[in-house]
Each structure stands twice: as C-alpha cells, then as structure tokens.
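Remarks on the structure that follows.
A quick note: this is a predicted structure, and the numbers were derived from the prediction, not measured. FYI, side chains are in, hydrogens and waters are out, and symmetry mates aren't considered; it's all heavy atoms of this structure. Numbers restart at 1 for each chain; the letters A, B, ... are given by sequence-line order, proteins then strands.
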Amino acid sequence: MHRFKHPLSFWLLCGLAVCPIYAADQIIEDPVIELSESVYCPCGCVRETIRACVCGTAQGITLEFQTRLQNGETIAGIREEYLEKYGTQFNAVMLAQGFNVVAYIIPFFILIAGLGIVSVVIARLKRRVKGPAKAPSTEVDLSSKFNYQQVEDELERYKRD
Amino acid sequence: MASEIGQASIWLSAFSLLWAISMLAIGLRNRNINAIISGRNGVVATFGLISIAVSGLIYGFLTDDFSMRYVAEGSSYYQPVLYKIAALWGKMSGSLLFWLWLIALFGTIFVWQNRHAKDSLADYALIPVSVVMLFFTILVSGLISGVYNPLSRFPNGAAMPDGAGMNPLLQTPSMAFHPPILYVGFVSLTIPFAFAVGALMCGRIDNDWIVRSRRWTLFSWLALTVGITLGGNWAYRELGWGGYWAWDPVENASLMPWLLCTAYLHSVMIQEKRNMLKVWNIILMVLAFEFTILGTFITRSGVITSVHAFAEGDIGVYFLSFILLSLFIITGLIFSRWKKLRSLNWLESFLSKESVFVLNNWLLIALTLIVLWGTLWPIISEAVTGQKIAVPEEFFNKTVVIPGLMLLFLTGVGPIISWRKLTVSNLKRVFSKPIIFALVLLIPTIIYLFLSGNIVVGSRSVYTVLCVFFSVFVLVAIADEFYRGGKLRSKRHEISFLGGFFKLIGRNKRRYGGYIVHIGIVIVYIGIMGSKGYFLLESKSVTNGQSIEIGKYQLTLKKGFEESHPNFELSGAEFDVKRNGKYVKTMHPARGFYSQAGQGEQDTIESAITHFGLNDLYVALGPLPQNASDYVSRGEPVSVQVYHNPLISLVWVGVTIMFVGGGVAMFEKHYKYNVKLTDA
C-alpha cells in the first residue's frame with residue numbers, strides 16, 4: 001500500500017488501467033478483407049498479408065477467397081485450410097489464446113513489474129535522505145562540483161523568478 | 001593480386017591486434033609508457049591493414065574480378081558503380097569486413113583524440129576496442145566455418161564469367177546509404193562501451209568516462225536515428241506495402257540499441273548532476289553495445305525469418321558466445337567495483353527531474369524488452385508448441401502503444417520539472433499553460449473524431465485523444481521554455497528576441513538541442529498516429545479507362561509505359577489522379593525487371609508516391625508483363641493497390657528535426673578536466 005502513496009506510480013497505474021488495450025481496433029465489414037488480412041502471402045515475401053502483398057499469388061488467392069465465401073464457406077474454415085496447406089507460420093493473427101496468452105501477458109508484466117522495481121528504487125533512494133548524513137566522498141570530481149554549482153544556480157534562478 | 005594482399009592484411013591485422021592488446025595490458029600494469037604507445041600504434045596499424053583489405057575488395061568489385069567469390073556473388077558487369085561499391089556490405093562476410101574497418105577507423109580516431117590525455121582511462125578503454133576488433137578479424141579471416149574470407153578466390157583458379165549481381169531490392173540509393181549509416185551507429189557505440197569497461201578496469205568510476213564518451217554516444221544515437229529512418233524510407237519506397245515499419249526482426253534489432261542509447265543519454269544526466277545511478281549507466285551502455293551484437297546475431301544467424309535476411313550464415317553461435325562471455329566478464333568487473341559504484345546522493349522528492357528520468361528509463365527499458373520478447377517469441381513458441389509462427393505487426397502495435405504514450409508525456413514533463421523537488425509554485429508556473437493548451441486543443445480533435453465516425457472504433461480513438469493531448473502538452477511546454485529563456489536573454493543583452501533565442505541555444509547546446517530533439521519526437525508521434533492509425537487501402541484490378549477510388553481521390557488508368565535503365569527495365573501504368581473530381585496529378589507506378597547473370601529475371605515493385613500536403617497517395621502495381629503499353633491497350637487487367645497515408649510526411653520531418661537537435665547537442669563543449677591519476 002505504501003507504494004500507492006507515490007503519486008506518480010498511482011497516476012501511471014491509472015493510465016494503464018484506463019487504456020483499453022484489447023479493445024477492437026476496427027470493425028471489418030468485408031469478409032474478403034477480413035480473411036485476406038488474417039493470413040500471410042506464401043509468395044516469398046516475408047510477413048505481408050494477402051491483402052498487402054501485390055504479387056500474382058496474392059491476387060489468385062484473393063479471388064479464390066472471394067469465390068469460396070460466395071459459395072457459403074466460413075472465414076474460419078477457409079483460414080484453417082489455408083494454414084494446413086501452407087503452415088502455421090502464415091497465420092497473421094495472433095490471438096491471445098493457448099500458449100500465445102503468455103506472449104501477450106509478458107509485456108504487461110514487464111511494464112508493471114518494472115514500475116514496481118522503479119518505485120522501490122525511488123523509495124529506497126529517497127528513504128536514505130532521512131538517515132544519518134554520510135561523510136562526503138573524496139571521489140566527487142571537479143566536474144560534478146561544477147555541475148552541482150549549475151544546479152544550485154538554476155534553483156536560485158527559479159526562486160528569484 | 002588485390003585478393004592476396006587483402007587476405008594477408010587481414011591475417012597481419014590479427015597479429016597487430018594481439019600485439020596491441022598485449023602491449024596495452026603490459027604497459028598499463030607496469031606503467032610503461034613505451035609499451036602503451038606501442039599498443040596504441042598497434043591499433044592504428046590495424047586500421048591501415050584493414051583499409052588495405054577493404055580497398056582490395058573494392059578494387060575487385062570495380063574491376064569485375066569474378067574469380068573472387070564475394071565479388072562474383074554480389075556484383076555483375078552491368079551493376080552501376082554506386083551499387084558495385086555498396087556490394088561491399090551487401091552480403092555477410094563483406095559486411096563484417098566493413099564493420100571491422102569502421103571499428104578500426106573509430107579506434108584510430110579514439111587514439112588520436114586521446115593522444116595527450118593525462119590519465120590512462122583511454123588506454124584502458126583501448127583494450128576492449130581491440131578485443132572487439134580481434135573478434136571481427138577472426139570472423140572474416142576465413143578460419144571459422146560459416147563465413148569465408150571476403151577476399152578469397154574460388155578454388156583451383158576458377159572464375160565465373162559474370163557475377164550473380166546484387167539483390168535487385170537493394171539496388172536503390174537509400175540502400176546504398178542506409179546500411180553503412182546504421183553500421184556507423186552500431187560500431188561507434190563500441191567507443192562509449194569501451195570507456196565504460198575501461199573505467200571499470202582502472203577503477204575510476206567517476207563522471208570522467210561519461211563526459212569523454214558523450215560526443216561519441218550522441219554521434220552513435222544520431223547515426224542510428226538516421227540509419228533506422230533511411231531503412232524505413234527504403235521499405236516504404238521499395239517493398240510496396242505502403243508502410244515504413246513492420247516490426248520486422250531486423251528493424252527491431254536496430255531499434256533496441258537506439259532505445260537503450262536514448263535511455264542512457266537521459267540517465268547519464270542524473271549521474272553528472274547528482275552523482276547517482278553509476279551502476280545503472282554502466283549497465284545501460286554495456287547493454288546498448290551488446291544489443292548491437294545481438295542485432296547482428298538476429299540478422300546473420302538466420303534464427304528468425306526477416307525481410308532483411310539478405311546475408312544469413314551459420315555464425316550465430318560465435319556472436320552468442322561473444323555476447324555471453326563479454327557479459328560474464330563485465331558482470332565480474334562491476335561486482336569487483338561495487339563499493340565505488342554506490343550513489344553519493346539521494347532523491348529529495350518523488351516529484352523531481354531525477355524521478356522523471358528514472359521513469360523514462362523504465363519505459364525505454366520496458367519497450368526494449370517488449371520488442372525483444374516479440375522478436376524472440378517465434379523461437380520460444382516453436383520450442384514449446386512445435387508450431388512455427390510469425391508475430392504480426394498487430395502484436396507490437398498493441399503492446400508498445402501504452403509505454404509509448406507514457407513516454408511521450410514524460411518527453412514534456414522532463415524538460416520542465418525542476419531538479420531535486422517540484423514545488424507548488426513550480427508546478428503552477430510550468431505545468432498550467434501546457435495542460436490548458438492541451439485540453440483546449442482536444443476539443444477540435446474530439447469533434448473531428450466524432451464527425452468522421454472514428455469515435456466508435458474503440459482503442460484507436462482513445463489513443464488518438466491521448467496522443468494529441470500529450471503532443472500539445474509537450475510542444476507548449478518546450479515552446480514556453482524557449483520563449484522564457486529567449487526573452488530573458490534578449491532583455492539581458494538588449495538584443496532582439498530571435499537573437500536572444502539563438503544565444504540561449506548557443507549557451508547550453510546540450511539542453512536546448514535535447515529540447516529540439518523532443519519536438520522532433522512529438523512530430524514523429526503525430527506522423528505515426530496518422531499514418532498507422534488512419535491509413536486507407538484499396539485493392540482492385542482495373543482495365544484501361546477504369547478508376548479506383550480512395551477517400552476523396554480517384555485514380556484512372558490511362559495507359560501503360562516502358563522505360564530503359566542501365567541495370568533494369570521499367571514497365572508500368574500511368575494513372576490520372578483527381579481530387580474531389582478535379583485533376584491534380586499523373587502517377588507512374590511500375591515494376592522493375594532486372595535481368596542479370598546468375599539470378600534469372602527478377603522484378604521489383606517501383607511504387608509511385610505523391611505528397612498532398614502532409615499526406616501521401618501511394619500506388620503499387622501487381623504483376624505486369626514487360627510490355628505494359630501493349631498489355632494495357634489490349635484492355636488486360638492491371639492489379640493496383642492504393643494507400644492513402646495521412647500525416648506520413650511528419651515522420652520524415654520529425655526525424656529531420658531530431659537530427660538537427662542531436663547535432664546541436666553534440667557540439668556542446670567538453671568540460672575542462674584536470675583530474676589526478678587515481679588508477680588502481
């Protein structure tokens with residue numbers, strides 16, 4: 001609970017909570033577009049969906065998709081057959097299902113855990129101020145004294161303003 | 001003969017480097033200046049030797065010496081001179097030689113820069129520089145499997161009648177400059193890395209290494225920024241999918257060191273001003289360097305499929321071993337200096353510039369880890385499930401958007417928040433104006449989103465609103481900093497505001513150069529928001545006289561055309577473009593046909609791009625025969641893809657501003673140093 005007293009952490013956590021990460025990005029109404037955006041082209045280009053690729057293979061596959069959809073086949077069925085034929089590496093949709101859930105969770109874990117670590121580091125660095133003052137190190141070189149002077153000047157200037 | 005001399009030079013350079021490392025180690029241990037000078041000369045001699053090898057290879061390209069294996073695989077008689085030279089880094093072993101030459105060049109500049117140094121930090125730093133050079137020398141020497149010596153000939157005096165030629169996709173001006181600039185960025189990071197390791201080795205872990213490597217770090221950062229952007233620009237123009245960034249593994253490999261380098265450039269200020277985060281800065285610099293090697297591992301090892309996999313080979317294990325071994329040694333060095341690395345100061349408040357910089361570092365590291373995670377996910381997934389997968393762009397877009405937006409906000413908070421402690425008066429004075437402006441400008445954004453129907457598409461509108469709010473906040477915050485500072489200077493020196501403004505920048509180039517970079521970043525964000533969030537795509541097959549519509553534009557196929565070039569033939573289609581029914585432009589998308597010995601016939605997409613203000617209309621053609629004019633006039637269908645990319649020009653404009661800002665910051669004068677030799 002102590003960490004939540006830290007206003008910046010609290011604010012950032014609120015930011016995280018507010019952003020609807022899994023919200024749908026766009027409602028795709030055309031089933032051909034939906035299908036052709038969900039699989040990669042097998043022509044030799046790397047990671048271009050059937051919709052984005054301008055090769056002849058993609059053109060042929062789009063026509064095939066159109067015909068099959070008109071014949072009443074479902075998007076899921078056509079996709080499944082496509083991935084069976086060319087391989088799972090041609091799947092352009094990575095749903096948060098099965099083992100892929102791990103892929104989606106980890107980035108947010110990194111963010112949250114990182115925030116936790118940063119909060120602890122900042123809190124520790126701050127807490128030391130309350131402790132007994134330590135003897136100044138002899139290692140402070142001239143540049144840091146110079147920089148320190150700059151900081152002091154800057155603070156003075158702000159006060160005057 | 002050039003081949004033999006070049007090969008001998010590479011071999012000699014290995015001995016020269018061994019000599020340099022030994023002499024530097026002996027000299028520094030025994031405080032023997034003659035040995036140290038001999039070590040420095042070893043590095044300079046290596047540069048000379050590697051230059052001979054590189055010249056030999058370029059000579060082979062220019063004279064079409066197809067008895068040299070690397071020349072035969074990467075060039076041809078008909079290749080223009082620019083691409084014959086660019087073929088030097090077009091394939092793996094040549095690119096490694098070029099990398100080695102750059103380290104040798106930077107090592108030599110480093111020796112020259114530090115020739116009058118009163119302490120031994122630079123000489124300690126020269127040891128890691130030499131070790132990295134030695135690693136690359138071994139790679140290109142032909143001793144290890146997976147990479148052949150780029151100067152070697154075919155066995156038994158064989159020679160090909162003509163070379164296979166460079167990959168047609170690479171035969172564009174931006175590809176002639178993008179890889180070397182990116183390499184410059186990667187390789188120049190070796191110097192600040194070497195300073196960090198040198199500081200650990202000699203035990204002088206004050207601010208000295210940071211100040212002395214600052215210009216190098218900024219130089220690397222600038223080169224990486226330009227290199228990454230040129231790569232994006234190449235993808236946009238050449239690959240035909242209307243985008244500039246697809247989270248391809250190799251793009252990611254170049255982005256990760258950039259992110260780490262950016263984090264370092266911020267956190268280093270805390271060490272300089274407050275003597276804090278010493279360990280962290282060393283770790284950041286080491287990571288930035290290691291990620292350049294990791295990037296090479298990803299590019300060259302072939303573990304991950306990429307559009308950039310032009311130069312794969314079986315050398316991943318060497319790169320991985322180098323990364324692990326160097327990390328092991330550096331970790332040991334850090335622990336051995338742990339006491340000296342402790343912070344000398346403490347935070348006074350959570351709400352201070354120091355805390356914001358720490359948060360900024362957290363976000364940049366998080367972004368790096370997320371990108372790394374997504375890049376390596378296909379390997380992890382295949383290992384667990386046995387299924388091959390490709391991580392789509394969507395995954396990255398979804399996972400980086402939140403830290404990206406938070407970072408954007410901090411881009412404005414960082415410059416205006418005070419050091420040590422944010423007081424209530426400081427808060428009111430510097431934060432109120434940007435927040436009010438940002439809130440006011442949100443109203444037209446929301447109205448636009450509502451009127452255009454975009455308000456219903458979920459996360460996109462939320463991100464747009466946040467991006468606009470943060471962008472305006474940052475721009476106003478920084479503009480206010482410039483305004484107040486410029487006004488104060490103009491008053492003090494009794495000069496015009498503009499004079500005061502330039503005086504302000506001149507007095508503190510690092511600080512205000514940094515602010516200019518922040519302005520550039522905001523503009524890039526707006527460009528990304530528009531081009532990635534609101535692009536339109538239409539695909540259609542049209543015959544002569546038929547039209548394709550996209551937004552308020554209408555493109556009508558008029559005729560086909562052909563064009564002859566020295567190394568390729570163009571075959572394309574001419575489209576008249578109307579905006580709101582009024583003719584505005586004719587566009588000429590085409591396919592390029594490269595007929596070169598060894599490669600058969602290859603065609604490339606030659607997109608047509610027209611700028612309408614900040615927006616682009618982008619047209620790419622599907623397959624087309626070489627006689628397009630005849631084909632189109634017969635009424636045959638032409639497959640077309642048209643993209644409307646809003647605000648995309650802001651991406652290039654923003655990066656240019658970043659470059660200018662980085663350049664300004666780079667010319668900050670060094671602080672004068674007169675420290676006593678305190679080496680261990």
Side-chain angles (χ1 to χ4, degrees), chain A residues 6-8 12 15-16 19-21 23-27 40 45-48 51-56 59 62 87-94 98-100 103-104 106-107 110-111 114-115 117-118 121-122 125-126 128-129 137 139-144 146-148 150-151 154-155 158 161, chain B residues 206-208 211 240-241 246 248 272-273 275 305-307 340 343-344 346-348 350-351 355 358-359 362 365-366 369-370 373 377 381 384-385 387-392 394-395 398-399 402-403 406 418-420 426 457-460 462 537 539 605 620-623 639 641 671 673-675:
Chain A
H6 174 8
L8 264 179
L12 290 168
L16 268 176
C19 295
I21 192 70
D25 281 325
Q26 212 162 350
I27 299 158
Y40 289 122
C45 64
V46 181
R47 286 161 33 102
E48 282 185 29
R51 184 156 190 239
C53 193
V54 286
C55 70
Q59 234 180 316
T62 310
T88 43
Q89 68 270 37
F90 289 95
N91 187 358
V93 179
M94 203 170 105
F99 189 55
N100 284 341
Y104 279 99
I106 293 293
I110 290 170
L111 266 180
L115 181 64
I117 293 167
V118 165
V121 167
I122 292 179
L125 283 169
K126 191 173 177 291
R128 286 187 201 172
V129 180
S137 168
E139 274 188 341
V140 179
D141 59 40
L142 289 173
S143 77
S144 43
F146 172 71
N147 289 324
Y148 224 87
Q150 271 194 332
V151 179
E154 197 179 333
L155 281 168
Y158 275 129
D161 286 348
Chain B
D206 48 27
N207 296 346
D208 195 14
V211 176
W241 48 271
D248 180 85
E272 284 182 57
K273 293 207 189 276
N275 250 322
T305 321
S306 153
V307 286
K340 288 188 173 187
S343 285
L344 297 173
W346 304 281
L347 285 179
E348 288 178 25
F350 284 120
L351 292 172
S355 297
V358 172
L359 285 172
W362 155 61
I365 298 295
L369 293 176
I370 291 169
W373 174 251
W377 180 249
S381 177
V384 175
T385 64
Q387 278 196 338
K388 281 191 174 187
I389 64 152
V391 176
E394 200 58 27
F395 168 83
K398 275 185 175 172
T399 50
I402 292 174
M406 289 158 103
S418 51
W419 286 98
R420 292 186 169 189
N426 178 247
V457 293
S459 59
R460 190 171 68 171
V462 174
L537 165 61
S539 313
I605 301 155
L621 291 185
S639 164
Q641 278 200 329
Y671 294 127
Y673 265 80
N674 190 21
V675 284

Residue pair A:M94 / B:V391, side-chain heavy-atom distance below 4.5 Å
yes

Quick check, are the ring centers of B:W377 and A:Y104 under 6.0 angstrom apart?
no

Taking side chain as C-beta onward, heavy atoms only, is B:L359 less than 4.5 Å from A:V118?
yes

Shorter than 4.5 Å, heavy atoms on both sides: which option in A:G98, A:A103, A:P107, A:C53 has the most such pairs with chain B?
A:A103

Is there a side-chain contact between B:W241 and A:V54, using heavy atoms and a 4.5 Å cut-off?
no

To the nearest 0.5 Å, what is the distance between CD1 (A:I110) and OG1 (B:T399)?
9.0 Å

Need one label for B:I365: side chain, backbone, both or neither, based on atoms under 4.5 Å from any heavy atom in chain A.
neither

Under 4.5 Å from any heavy atom of chain A, what part of B:L369 do you find: side chain, backbone, both or neither?
both

Rounded to the nearest 0.5 Å, the CD1 atom of B:I370 sits from the CG atom of A:L111 at a distance of 4.5 Å

Between atom CD of B:Q387 and atom CG of A:N91, what is the distance when rounded to the nearest 0.5 Å?
9.0 Å

Where does B:S639 contact chain A at under 4.5 Å (heavy atoms): side chain, backbone, both or neither?
both

Close side-chain approach of A:N100 and B:I389, heavy atoms under 4.5 Å
yes

Mind listing the closest non-hydrogen atom pair of B:A390 and A:Y40 along with its distance?
CB-CE1, 3.8 Å

Taking every non-hydrogen atom, the tightest pair across B:P392 and A:A92:
CB-O, 3.2 Å

